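As the structure is a computational prediction, the values presented were derived from the model and not from experiment. For ligands, and for the atoms within them, numbers begin at 1 and follow the listed sequence.
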Amino acid sequence: MSRLESLPTEFANIFGAPAEHIFRAPGRVNLIGEHTDYNDGFVLPMAIDREMRVAARKRDDRRVRLVALDLGGKRSEFSLDVIAREEAQRWSNYIRGVAWALQARGLHLPGLDLALSGDVPLGSGLSSSAALEVCAATTFQFFAGFAMSKVDLARLCQQAENDFVGMKSGIMDQFISALAVAGHALLIDCRDLAYQKAPLPRGATVVVCNTMKRRGLVDSAYNTRRAECEQAARQFGVKALRDVSLEQFAEREKELPPTVARRARHIITENARVLDAVAAARQNDLAAFGNLMNASHESLRDDYAVSCAELDTLVDLARAQRGCLGARLTGAGFGGCTVNLVRDDAVETFTANVAREYQARVKIAPEIYVCRATDGASIVK
Ligand code: GLA
């Protein structure tokens, strides 16, 4: 029995009474549009068939008790009256942060017993933390019974991540985990959060390959990249790089410090690639879609400088396989996963060959996930 299936039994064993409900929220893979979300730009993620789950039971007091089943049953507990960060049990900050953000909006929450489990690989760029936040918010919403749109719920989870956990991430991960639609990607305009379903290329499969190199997002260059983008936007006199066209950039590129110019070029070209990719998906132009993914990786590697040797190796190996239409790093970078578009009939050989060749080169066995696009967060029936 998998961890997820045994969640109800484990909950009952730990808390001495059955869970009343189970909630789920999926991880995600971003097809294209990397680091554009915090530049008010466009992204094209889909939720994957890997998720975080929370089994829950209401309490009569204001305490929240947490057990992380995937971390060897680690426990944490807090009162809703004083919610502080917990350095020793950092995983609990995603739940604490969501409760904190909800109460900051004046919402009254009941105490809960919660057991957490999931099959989104942790710290691999598939948004396990956003999935946990969205799952927690969905759980609190159910038991507290307040009305909140899914878009606001996603915003609230981003606020928990930004202001409580301390990672200045954009909105993409929480948004897709909350609002995803099965069988589709979502084109999200991160300026006004308008979104629309986008078809997935037909005849091809989304395959995610994990370098098994864990990223340290908060410690990494993520926040520096943000600052460089803001500097570029100021130089152009606009609110965000979203407002700079390719022509305007070419005209004034020289006025920017070289590094800042490269960062800006990635964002501006990447925004254009997202819109082109949606057009390609609508016409089911697999080759065009794949080429845009490839160009995105080159731009992330050379201009945005967020790739690493393992990611580049995995991308190169993938592209050499028959039936691979495109390959790029996905998520923040610095390790984590690649996303690949592979012709349906080549998925099996692709998976076997990439696993073997990466292992031979890097001396680590990669994990490979053949992904299906799922719905956003929900209660488990
Ligand atoms: C992380 C962040 C997102 C986004 C991506 C890069 O996943 O949480 O908001 O910025 O990196 O596209």
Side-chain angles (χ1 to χ4, degrees), residues 25-48 50 52 93-94 97 120-134 151 154-180 185-191 193 195 208 210-211 214-230 240-242 263 266-271 273-274 277 292-293 296-297 299-301 303-308 311 328-339:
R28 65 99 187 89
V29 62
N30 188 20
L31 299 178
I32 196 161
E34 221 63 84
H35 289 275
T36 43
D37 61 352
Y38 53 83
N39 287 292
D40 280 3
F42 302 103
V43 293
L44 188 66
M46 67 178 222
I48 57 174
R50 290 183 162 254
M52 301 306 287
N93 288 331
Y94 299 110
V120 188
L122 306 177
S124 299
L126 300 178
S127 291
S128 54
S129 38
L132 194 50
E133 289 158 359
V134 171
V151 172
R155 273 211 191 95
L156 180 127
C157 291
Q158 184 200 12
Q159 190 203 344
E161 174 99 32
N162 289 174
D163 300 340
F164 192 88
V165 178
M167 164 76 199
K168 300 289 176 204
S169 60
I171 185 76
M172 168 170 69
D173 306 344
Q174 291 82 3
F175 196 97
I176 190 70
S177 186
L179 287 108
L186 287 190
L187 168 63
I188 307 164
D189 180 339
C190 298
R191 166 154 280 169
L193 298 186
Y195 64 99
V208 171
N210 190 343
T211 60
R214 286 190 67 156
R215 324 144 308 143
L217 254 196
V218 186
D219 314 329
S220 73
Y222 190 91
N223 291 347
T224 319
R225 294 294 180 286
R226 263 197 98 131
E228 287 165 342
C229 290
E230 282 157 18
L241 283 177
R242 150 72 175 277
R263 307 295 186 251
H266 166 71
I267 300 301
I268 295 162
T269 56
E270 184 80 349
N271 271 327
R273 280 189 289 270
V274 176
L292 290 160
M293 291 174 74
S296 169
H297 184 79
S299 177
L300 286 160
R301 183 190 63 202
D303 280 339
Y304 218 59
V306 293
S307 191
C308 63
L311 283 167
R328 56 180 290 276
L329 72 83
T330 187
F334 313 107
C337 292
T338 63
V339 57

Run the numbers for me: atoms of ligand 1, each under 4.0 Å from some heavy atom of [X], listed by number.
X: Asp37; value: 3 (C), 4 (C), 9 (O), 10 (O)
X: Glu34; value: 6 (C), 12 (O)
X: Met172; value: 4 (C), 5 (C), 12 (O)

- Query: Any non-hydrogen atom of Arg28 lying under 4.0 Å from ligand 1?
  - Reply: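 True for this residue.
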- Plane angle bin for His266 and His35 - parallel if under 30°, tilted between 30 and 60°, otherwise perpendicular: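 Plane angle over 60°, so perpendicular.
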Can you find an N/O atom of [X] closer than 3.5 Å to an N/O atom of ligand 1?
X: Asp173; value: yes
X: Ser127; value: no
X: Tyr38; value: no
X: Gly170; value: yes

Would you mind reporting whether [Y] and [X] have side-chain heavy atoms less than 4.5 Å apart?
X: Arg242; Y: Cys190; answer: no
X: Lys168; Y: Tyr38; answer: no
X: Tyr222; Y: Ser169; answer: yes

- Hey, could you give me the CZ/CG distance between Arg191 and Asn39, rounded to the nearest 0.5 Å?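 Arg191 atom CZ to Asn39 atom CG measures 10.0 Å (nearest 0.5 Å).
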- Query: Between Arg328 and Ser296, do the side chains contain an N or O donor and an N or O acceptor separated by less than 3.5 Å?
  - Reply: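 A pair is found: one side chain offers a donor N or O, the other an acceptor, under 3.5 Å apart.
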- Between Gln174 and ligand 1, which residue portion shows a heavy-atom distance shorter than 4.0 Å: side chain, backbone, both, or neither?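 Gln174 to ligand 1: no contact under 4.0 Å from either part.
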- Determine yes or no for a side-chain-to-main-chain donor-acceptor pair under 3.5 angstrom, with Asp37 supplying the side chain and Met172 the backbone.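 Here the side-chain-to-backbone pair exists.
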